[in-house]
Amino acid sequence: MTDHHLTIDAGIATITFDNPPLNLMTTALMGVLEGHLDTIDADPTVRVLILTGSRKAFGAGSDVREFPDYAESGNVLHKKLIRENKVFRRIDHLPIPTIAAIHGLAFGGGLELASACDLIVVDEDARLALPEIKLGVFPGSGGSVRISRRIGEARAKEMMFLGEPIDAATALSWGLINRVVPSGKAMEVALDLARQLIARPKLALSVCKTAVDLAFDVSEDEAIARTLLMCDLVSSSAETREGVRAFFAKEAPDFSRVSSSLYRPS
């Protein structure tokens with residue numbers, strides 16, 4: 001039974017992949033994810049998104065049983081990769097922080113999906129890999145780009161050329177992930193991070209996310225010029241007024257008391 005479910009509680013949306021036993025990245029899952037993302041986009045109360053997996057894995061990659069359908073040229077694009085890339089890109093460009101909470105395996109498409117998130121929290125006994133080379137293919141859902149940005153050319157090529165799993169400690173030392181936590185604690189730590197993020201100003205958070213992404217997407221001069229405009233927007237916001245008020249009052253700012261919106265670049 002497949003049940004990739006969405007819950008929303010206190011501003012935190014959680015999508016849990018539940019396709020036993022290893023939460024394969026199927027075409028059916030992409031359809032469900034699109035629907036969940038539509039729900040999140042339409043709900044202004046959602047401040048953070050967490051992605052996680054049930055049972056033994058975050059996501060163990062593509063379903064190889066679907067591969068015969070892709071044998072003819074163009075089939076893999078139209079039946080799998082175009083839609084998969086669209087969904088992963090939506091996650092990457094959400095104007096709210098996103099967190100992947102990984103336990104067990106994050107292989108292939110599962111790791112590509114996690115790399116579309118802003119933060120990645122991993123159980124200490126988890127394993128991460130891009131094993132596509134062993135099937136004669138390569139990561140086609142953005143992982144070759146997003147993971148290279150995270151860990152650099154040499155390490156990305158090692159992961160893709162060899163296709164062998166790396167452990168959580170190695171992933172942390174390479175900069176692929178943000179936190180390694182005791183076994184079974186990834187979701188707990190992800191929730192704690194989400195609660196901390198909810199206490200931050202949401203406009204400034206979404207601007208931070210956009211500004212960091214610009215560093216990889218455009219020239220340095222253009223990125224800096226665009227961040228200046230974002231700074232101007234944030235500086236005149238109710239969030240900044242609350243932050244300054246709290247500073248002089250010598251108290252913690254309460255950004256929930258002011259009205260603010262998310263930054264959505266045009």
Side-chain angles (χ1 to χ4, degrees), residues 4 6 12-17 19 23-27 29-41 46-53 57-62 80-122 126 128-132 138-152 155-156 159-160 166 171-172 174-179 186-187 190 193-194 197 205-206 208-217 262-265:
H4 307 295
L6 167 67
I12 302 171
T14 302
I15 297 175
T16 304
F17 311 129
N19 181 20
N23 297 324
L24 298 177
M25 299 289 113
T26 64
T27 53
L29 170 59
M30 293 306 110
V32 173
L33 272 177
E34 283 184 308
H36 289 337
L37 292 173
D38 289 340
T39 299
I40 290 166
D41 274 337
V46 175
R47 298 282 310 279
V48 182
L49 169 63
I50 298 174
L51 301 180
T52 193
F58 176 83
S62 297
K80 176 178 172 65
L81 294 182
I82 289 176
R83 188 178 197 184
E84 203 161 271
N85 275 277
K86 177 184 175 184
V87 172
F88 289 10
R89 187 181 187 280
R90 280 188 72 182
I91 292 169
D92 192 1
H93 290 272
L94 282 173
I96 59 175
T98 54
I99 305 170
I102 294 177
H103 65 280
L105 307 178
F107 282 9
L111 184 55
E112 290 185 278
L113 175 54
S115 73
C117 294
D118 300 311
L119 305 176
I120 304 177
V121 179
V122 179
L128 300 86
L130 295 173
E132 289 87 347
F138 83 104
S141 296
S144 61
V145 175
R146 294 188 181 99
I147 292 172
S148 295
R149 286 176 169 181
R150 285 177 177 264
I151 66 177
R155 287 164 173 164
M159 288 192 75
M160 292 172 62
I166 61 173
L172 181 65
W174 285 6
L176 179 57
I177 65 176
N178 296 85
R179 303 278 179 91
M187 188 60 190
L193 282 170
L197 291 170
L205 266 182
S206 58
C208 284
K209 178 169 178 171
T210 300
V212 172
D213 289 342
L214 281 175
F216 296 95
D217 294 335
L262 295 168
Y263 180 74
R264 297 178 184 270

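We count residues from 1, following the sequence as given.
No donor-acceptor pair under 3.5 Å is formed between the side chain of T16 and the backbone N or O of T52. Between the side chain of K209 and the main chain of P97, no donor-acceptor pair closer than 3.5 Å is present. Distance alone, capped at 3.5 Å, is enough to place a donor-acceptor pair between the N85 side chain and the G140 backbone.
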#### Entry: Verdict with supporting geometry, R155 and L176, side chain to side chain contact (heavy atoms under 4.5 Å, CB included)
CA-CA 10 Å; R155 287 164 173 164; L176 179 57; over 6 Å; no
| query | Please walk me through it: do I102 and I177 pass side chain to side chain contact (heavy atoms under 4.5 Å, CB included)? | reply | CA-CA 10 Å; I102 294 177; I177 65 176; 5.6 Å; no
Worksheet item: Between V122 and L128, does a side chain to side chain contact (heavy atoms under 4.5 Å, CB included) hold up when you go through it step by step?
Response: CA-CA 10 Å; V122 179; L128 300 86; 4.2 Å; yes
Before giving the answer on side chain to side chain contact (heavy atoms under 4.5 Å, CB included), spell out for L197 and I12 the whole-Å C-alpha distance, their side-chain angles and the decisive distance to 0.1 Å. CA-CA 10 Å; L197 291 170; I12 302 171; over 6 Å; no
Using atom types as modelled, flag every donor-acceptor pair under 3.5 Å from a side chain in residues 105-114 to any protein atom, sequence neighbours excluded.
| residue | atom | partner | partner atom | Å |
| --- | --- | --- | --- | --- |
| E112 | OE2 | S141 | N | 2.8 |
| E112 | OE2 | G142 | N | 3.4 |
| E112 | OE2 | G143 | N | 2.8 |

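Summarising the geometry, atom CD1 belonging to I50 is positioned 10.0 Å from atom SG belonging to C117; distances are rounded to the nearest 0.5 Å. Between atom CG of residue L81 and atom OG1 of residue T27 there is a gap of 11.5 Å, rounded to the nearest 0.5 Å. Taking CD1 from I40 and CG from L49, the interatomic distance works out to 4.5 Å, rounded to the nearest 0.5 Å. One finds the CZ atom of F88 at 7.5 Å from the CG atom of L33 (value rounded to the nearest 0.5 Å). The distance from atom CD1 of I166 to atom CG of L172, rounded to the nearest 0.5 Å, is 10.0 Å. Atoms OG1 and CG, from T98 and D92 in turn, are 7.5 Å apart once rounded to the nearest 0.5 Å.
Taking every heavy atom of both residues into account, L130 and E132 meet most closely at C-OE1, 3.1 Å. Smallest separation of non-hydrogen atoms from F17 and F58: CD1-O, 3.4 Å. The shortest heavy-atom contact between V212 and F216 is O-CD1, 3.5 Å. Nearest heavy atoms, E84 versus M25: OE1-O, 4.1 Å. Heavy atoms only, all atoms of each residue included: L24 and L29 are closest at O-CD2, 4.0 Å. Closest heavy-atom contact between F138 and M160: CD1-CE, 4.0 Å.
Using a cut-off of 4.0 Å between Lys/Arg side-chain N and Asp/Glu carboxylate O, D217 and R149 are scored as salt-bridged. A salt bridge does not link R90 with E34: none of the charged nitrogens is closer than 4.0 Å to a carboxylate oxygen.
The 12-atom threshold is not exceeded at CZ of R179, counting heavy atoms of other residues, nucleotides or ligands nearer than 6.0 Å.
Looking at L205 and I96, their side chains never come closer than 4.5 Å, going by heavy atoms from C-beta outward.
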